[in-house]
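All remarks here apply to the structure that follows.
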Amino acid sequence: MDQPAGAGRELPKTFDSKAAEERWFQLWIDRGYFKADPNREGPVFSVVIPPPNVTGQLHLGHALNVSLQDIIVRTRRMQGFNTLWLPGTDHAGIATQNAVEKMLAKDGKDRHQMGREPFVDRVWQWREEYGGRILHQLRRLGASCDWSRERFTLDPGLSRAVTKVFVDLYNKKLIYRAKRLINWCPRCETALSDLEVDHKDQKGSLWYIRYPFADGSGSITVATTRPETMLGDTAVAVNPDDARYKSMVGKTLKLPLTNREIKIVADAAVDSSFGTGAVKITPGHDFNDFELGRRHGLEQISILDNQARMNANSGMYQGLTREQARKKIVADLESQELLEKIEPHAHAVGVCSRCDTIVEPMLSEQWFMAMKEMAKRAADAVREGKTTFHPKFWENTYFNWMDNIHDWCVSRQLWWGHRIPAYRCARCDELVVAIERPSQCAKCGGSDIIQDDDVLDTWFSSGLWPFSTMGWPDNTAELQKYYPTSLLLTGFDIIFFWVARMMMFGLEFTGKVPFKDVYITPLVRDQYGKKMTKSKGNVVDPLDLMEQYGADAVRFTLAQLAAQGRDVILSHDRFAASRAFANKIWNAARFVMMNLEGASQPLALPSRGELTLADRWILNRLACTIADVAAEIDQYHFNTAAMAVYHFAWHEFCDWYVELSKEPLRSSNSSAARTRWVLVECLDKLLRLLHPFMPFLTEEIWQFLRPYLSEEGLSGHLAVASFPTDLEYGLSPEDNLAMIHCVETTETINSLRSLLGLGPGQRTTAVLKPKVAGANLLETVSNTEFAEWRSYSTTRATLDNFELLEPTAVMPPRLLPWVLKWGELGVKAPDSFDFSKAISAIEKRMNETAAILTAHRKRESDPGFQQKADEETKQATRDKMVQLEADISRMNAQLLVLKRAT
RNA sequence: GGGCGGUUAGCUCAGUGGUAGAGCAUCGGCCUUACAAGCCGGGGGUCGCAGGUUCGAAACCUGCACCGCCCACCA
C-alpha cells in the first residue's frame with residue numbers, strides 16, 4: 001500500500017515542474033503502468049509511434065505528434081482500454097549514412113576507404129551512442145509508451161519481416177528488376193524514388209543551338225536548358241502538325257561536337273509553341289525523352305558516371321563535371337557559330353531531398369515494385385471507410401497519389417539498410433531471391449554465391465511497421481490483440497512515403513488495413529508563419545520550451561493549437577498562457593487543500609438535499625464538461641477538448657465556485673463539510689480530465705488529494721485512475737438559469753461600480769434583507785443560497801454606498817416601486833458621485849439591445865419566417881425576445897433610479 | 001498545368017443557416033489571507049471582394065483577388 005505523498009500536507013507555494021516531471025515519469029515506468037498485456041480482456045486501443053529517425057533531435061513536429069498521441073493514449077488507458085503505444089526508431093538509410101559520413105569526414109575519413117563492413121559497424125556503433133537520444137527526449141514530454149517494447153527497423157525481427165515481404169513480392173512478380181531511367185543523386189551515389197526528389201525553381205537559361213543537316217543544306221535550331229546533355233542526343237523531335245518542320249521529318253542531322261548522326265522525328269508530345277518547336281531528344285538523361293525515345297526506338301546513351309562526371313561516351317569532354325562540361329560545350333558551340341542565342345529561363349530542377357544536390361536522370365538497373373494493384377486496394381479501403389482520415393480532406397491527397405501511382409524504385413546503392421535478399425551465382429550468373437543465402441547455385445552447382453550489394457529504401461521497412469513491430473510473420477499474441485491498430489497520428493508530409501505504403505503492405509500481407517483512423521497533424525511553423533528549418537535558424541527547440549514553461553504547459557499549448565486542418569503557428573505568449581493555467585490549477589488545489597485541514601479521510605458524501613444552488617450548478621457544469629471533453633477527444637478535436645477543460649477549470653470552478661465556497665467554508669460545520677466535498681469532487685474530476693493534457697501537474701496534486709477520495713483514494717496513481725464518465729448529479733435546468741441570473745447580476749453590479757469609479761472600501765452589509773430577496777428577487781433561490789451569493793458579490797465588490805447601488809443594479813422591474821419607496825426613506829448618493837458615465841453607458845447598451853430586439857420582432861412577424869423556420873428556431877427567437885425585453889426593462893429601471901439619484 | 005487549404009478583433013485562431021467568440025496583447029481600477037503567472041471592468045470586427053440561393057449568410061453556390069502547400073516529364 002502506498003503512503004500518499006501529500007497526505008495531511010499543504011501544497012507547496014509553487015509547482016516545481018522539473019522535479020515533478022522526473023519523479024512521476026520514473027515512478028510510472030517503475031510501476032509498469034504503460035506496459036501492454038495482450039492477455040488482458042477488455043476493449044483495445046493500440047497505436048504505433050511514427051518512428052523518428054535515429055539521427056533525429058526532438059523538434060516541435062515530434063513534440064506535437066507525441067503530445068497528441070499521449071493525450072489520446074492516456075485518455076484511453078484511464079478509460080479502461082487495453083492500451084498499447086509502441087515506440088521505436090527508424091534506421092533512416094540515407095539520412096543516417098550521411099550523418100555518419102559527415103562525422104567521419106571531420107577525421108578525414110570516408111566510407112570508401114573504410115570499406116563496407118567497417119563502415120556499417122561504425123554506423124551501428126554510432127546508433128548505440130546516439131540512437132536513443134530522440135526517444136529520451138520523447139520521454140521528457142511524458143510519452144506513455146510501453147517502453148519495454150521499443151523497436152528499431154533494423155532489429156532482427158523486423159529485418160526478418162522485410163526479407164519475407166521482399167521474397168514474397170518477388171515470387172508474386174510484384175517486385176522485379178529492370179533497367180530504367182531513375183533519379184540518381186551523384187553525391188549520395190544512389191538511386192532515389194520520385195518522392196525523394198524535391199523540385200526547386202531555378203533561374204537558368206535557354207540555349208538555342210543549331211543542329212546542321214548532314215547533307216549541308218542548312219540547320220534546325222533546338223532550345224534546351226541543359227546544353228551538356230546534347231552529347232547524349234539521339235534525335236530531334238518536332239510536332240507532326242508543325243508546318244515549319246513537316247518537310248524536315250526523317251532528315252538526318254549531324255550532332256555538333258560529335259561524329260554522330262541523328263534523325264528528325266515527329267511526335268505529338270512536342271509543343272510547337274515552346275522554344276523553336278524543335279526539341280533535342282536525350283533518352284538517357286531525361287524522363288520525357290526516355291518515353292519519346294521508346295516510342296521511336298531510339299538509342300539510349302549515358303554520358304555521365306555515378307558522380308555526374310562526363311563519361312567515355314562524351315568523347316573529348318570525358319572527366320569534366322556537369323558544370324564544367326556545360327561551360328565548355330557552350331563555348332565550343334559559340335566558337336563554331338552554332339549558338340544562336342541565349343535567353344533567361346526559369347525552370348524547375350530536381351534536387352536530392354537529403355543533400356540538395358541536383359539529381360540526374362540516369363539509366364540504371366534497379367529493383368522495382370509494381371504498385372498499381374496494391375494501390376488500388378489501398379485506395380478502395382479508404383473509399384469503403386475501413387480507414388478514415390481526420391481531417392477528411394486529406395483523403396483527396398491520398399487518392400490523388402494512389403490513383404496516379406508509378407512503380408517504386410526500392411533499391412538504394414547505400415550500405416546502411418536492409419540488404420536485398422537477392423543472390424547471384426558468380427559462375428553462371430543465376431539469380432535467386434530467397435530468405436536464406438543459398439549454399440550453392442541450383443543451376444550450375446557453383447558455391448560462389450554473391451548477395452546483391454544494394455539495400456532497400458528506408459520506407460520499405462517503415463511500411464511494415466504496424467505489424468512487423470508486433471512480431472509478424474509469426475502469429476503472435478500481440479498481433480492478434482493489437483492489430484489492426486486503432487489510430488495512426490502523423491504529419492501530412494509522409495502520407496505518401498509512409499501512410500500509403502503501410503496501407504498497401506498491410507492489406508497485402510495481413511489482409512487488413514493497418515489502422516482504423518489516420519489523424520494528420522498540422523505543420524508547426526514559427527511566429528511568422530514560416531516552416532521551421534535549420535537553415536532559416538528559426539527552429540524553436542521544444543527542450544528549451546519545456547525548460548522554460550514546463551512539459552505540461554508545452555503539451556497543453558500544442559493540444560490547444562492543434563485545430564484541424566491548419567498549420568500551427570507558435571508564439572511564446574501561448575506557452576506563457578498555458579503555464580499561467582497550470583499555475584491557476586495549482587493554486588486552486590492549494591485553496592482546496594488548505595480547507596481540508598482536519599477533514600475526514602475520505603470525505604463523507606453529503607446528501608442530495610444539502611446541496612446548494614452553487615453546488616448543484618458546478619456539479620452540473622462538471623458533468624457537462626466531462627461529456628464534452630470525452631466527445632471531443634473521441635473525434636480527435638484536441639483543441640476544443642483542451643479549451644473545454646480550460647474554461648471549466650478557470651472560468652467556472654475558480655472564478656465562481658471557489659469564490660462562492662469561501663462563505664460556507666467559514667460557516668457552520670455542515671455547510672463547510674458539504675462544500676469541501678463538492679470542492680474535492682470537482683478538483684478530483686478536473687484533475688482526471690486534465691491528466692492526459694498535463695500529466696505531471698495533475699499527478700502531483702492528485703497525490704495530495706487522494707486520501708480524501710472515497711474511490712481509489714488510498715492507492716494508485718492518476719496515470720492509471722479512471723477517466724470520469726458522464727456523471728449524473730440529478731440536476732434541473734432551473735438551477736442553471738438561477739445561477740446565470742446570479743452571475744449576470746453580480747456582473748452588472750461590478751460593471752456599474754467600475755463605471756462609477758468606486759474603489760475599495762469598507763465592507764458594507766447588503767441592503768436587501770434576505771427575506772425580501774428570497775421572496776422576490778430570485779424566486780428559485782432559497783434564502784440561504786441568496787445570502788451566499790450576495791455575500792460573494794459584496795465580498796468581491798466591497799462597495800462604498802452599496803445601499804443605493806446594489807438594488808438599482810439587481811432589481812427586477814416589478815420590485816422597482818418598493819426600491820423607490822425605500823430610496824425615499826432617505827438613502828442617497830454622495831454628491832461627489834458622477835452618475836452621467838453610468839447613465840450614458842446604460843443608455844448606449846439599451847439602444848443596442850433595443851436594436852437587436854427590433855430585429856427579432858421583425859423576423860418574428862415575417863411571414864416567410866413563420867412559414868419556413870422550424871419550431872425550435874421559432875421558440876428560440878421567442879425566448880430571445882423575452883430575454884431582450886427583460887434586459888431592457890432592467891436597464892430602464894436602473895436608469896430611472898440613477899436619474900432620480902442625481 | 002492540375003489539386004488542396006486559407007483569408008473573422010492589433011496577434012494567433014475557434015465558429016458548417018438565426019445580426020460575431022476565445023486566448024494573448026491593449027486601456028482603466030484593484031497587493032481582496034489559493035493565485036499579481038492574479039482579480040474586476042472597458043475598448044476594439046460592415047467575418048478578403050462581387051454576385052447568387054434563402055424569410056434570414058461569416059457559414060451554402062458561382063466568380064474574382066491575395067497567401068500557403070501538394071502533385072505534374074513543357075525541352
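Note on naming: letters A, B, ... go to the chains in the order of the sequence lines (proteins, then strands), and numbering restarts at 1 for each one.
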Under a 4.0 Å heavy-atom cut-off, which of residues 268-281 of chain A touch RNA chain B? A:Val270, A:Asp271, A:Phe274, A:Val279
Under the salt bridge (charged side-chain N to carboxylate O under 4.0 Å, His left out) test, which residues partner A:Arg210, sequence neighbours left out? A:Glu340
Between A:Phe389 and A:Trp394, is a ring pair (Phe, Tyr, Trp, His ring centres under 6.0 Å) present by the stated rule, with each step listed? CA-CA 6 Å; A:Phe389 281 70; A:Trp394 286 112; 8.5 Å; no
The salt bridge (charged side-chain N to carboxylate O under 4.0 Å, His left out) partners of A:Arg579 (sequence neighbours excluded) come to none
Could you go through nucleotides 22-27 of chain B and list every protein N or O atom that sits under 3.5 Å from one of its N or O atoms, giving the distance for each pair?
unit_1: B:rG23; atom_1: OP1; unit_2: A:His651; atom_2: NE2; d: 3.3
unit_1: B:rC24; atom_1: O2'; unit_2: A:Asp573; atom_2: OD2; d: 2.9

Measuring from the side chain of A:Arg590 (C-beta onward, heavy atoms only), which nucleotide among B:rA34, B:rC70, B:rA37 has the closest atom? B:rA34
Mapping A:Gly864 and A:Trp401 to their closest nucleotides on RNA chain B, which lands nearer the 5' end? A:Gly864
A:Arg226 charged N/C atom sitting above A:Trp207 aromatic ring, 6.0 Å / 45°: no
Could you report the tightest heavy-atom contact between A:Arg590 and A:Leu11, atom names first, then the distance? CG-CB, 3.5 Å
For residues 274-293 of chain A, which residue pairs qualify under salt bridge (charged side-chain N to carboxylate O under 4.0 Å, His left out), counting only residues two or more places apart or in two chains? A:Asp233-A:Lys280
When you check the side-chain N and O atoms of A:Asn583 and A:Asn587, is any donor under 3.5 Å from an acceptor? yes
Does A:Val592 reach a base, just sugar-phosphate, or nothing at all? Heavy atoms under 4.0 Å. nothing
For RNA chain B, just give me the dot-bracket, please: Watson-Crick or G-U, both distances below 3.5 Å, ( ) intra-strand, [ ] crossing earlier pairs, | paired with another strand, . unpaired. ((((((((.[[[[.)..(..]]]].(((((.......))))).....[[[[[..)....]]]]])))))))....
Which is true for A:Ala851 with a 4.0 Å heavy-atom rule: it touches a base, it touches only sugar-phosphate, or it touches nothing? base
Could you tell me whether A:Lys662 contacts a base, only the sugar-phosphate backbone, or nothing, with contacts defined as non-hydrogen atoms closer than 4.0 Å? base
Counting the atoms with a prime plus P, OP1 and OP2 as sugar-phosphate, which does A:Thr873 contact under 4.0 Å by heavy atoms, base, sugar-phosphate, or nothing? base
Side chains of A:Asp267 and A:His296: any donor to acceptor distance under 3.5 Å? yes
A:Phe290 near the nucleic acid: base, sugar-phosphate alone, or nothing, with a heavy-atom cut-off under 4.0 Å? nothing
I want to verify a distance call: between B:rC40, B:rC35, B:rA75, whose nearest atom is closest to the A:Thr225 side chain? B:rA75
Ion pair check, A:Lys874 and A:Glu872, cut-off under 4.0 Å: no
Please work out whether the ring planes of A:Phe581 and A:Trp650 are parallel, tilted or perpendicular, with thresholds of 30° and 60°. parallel
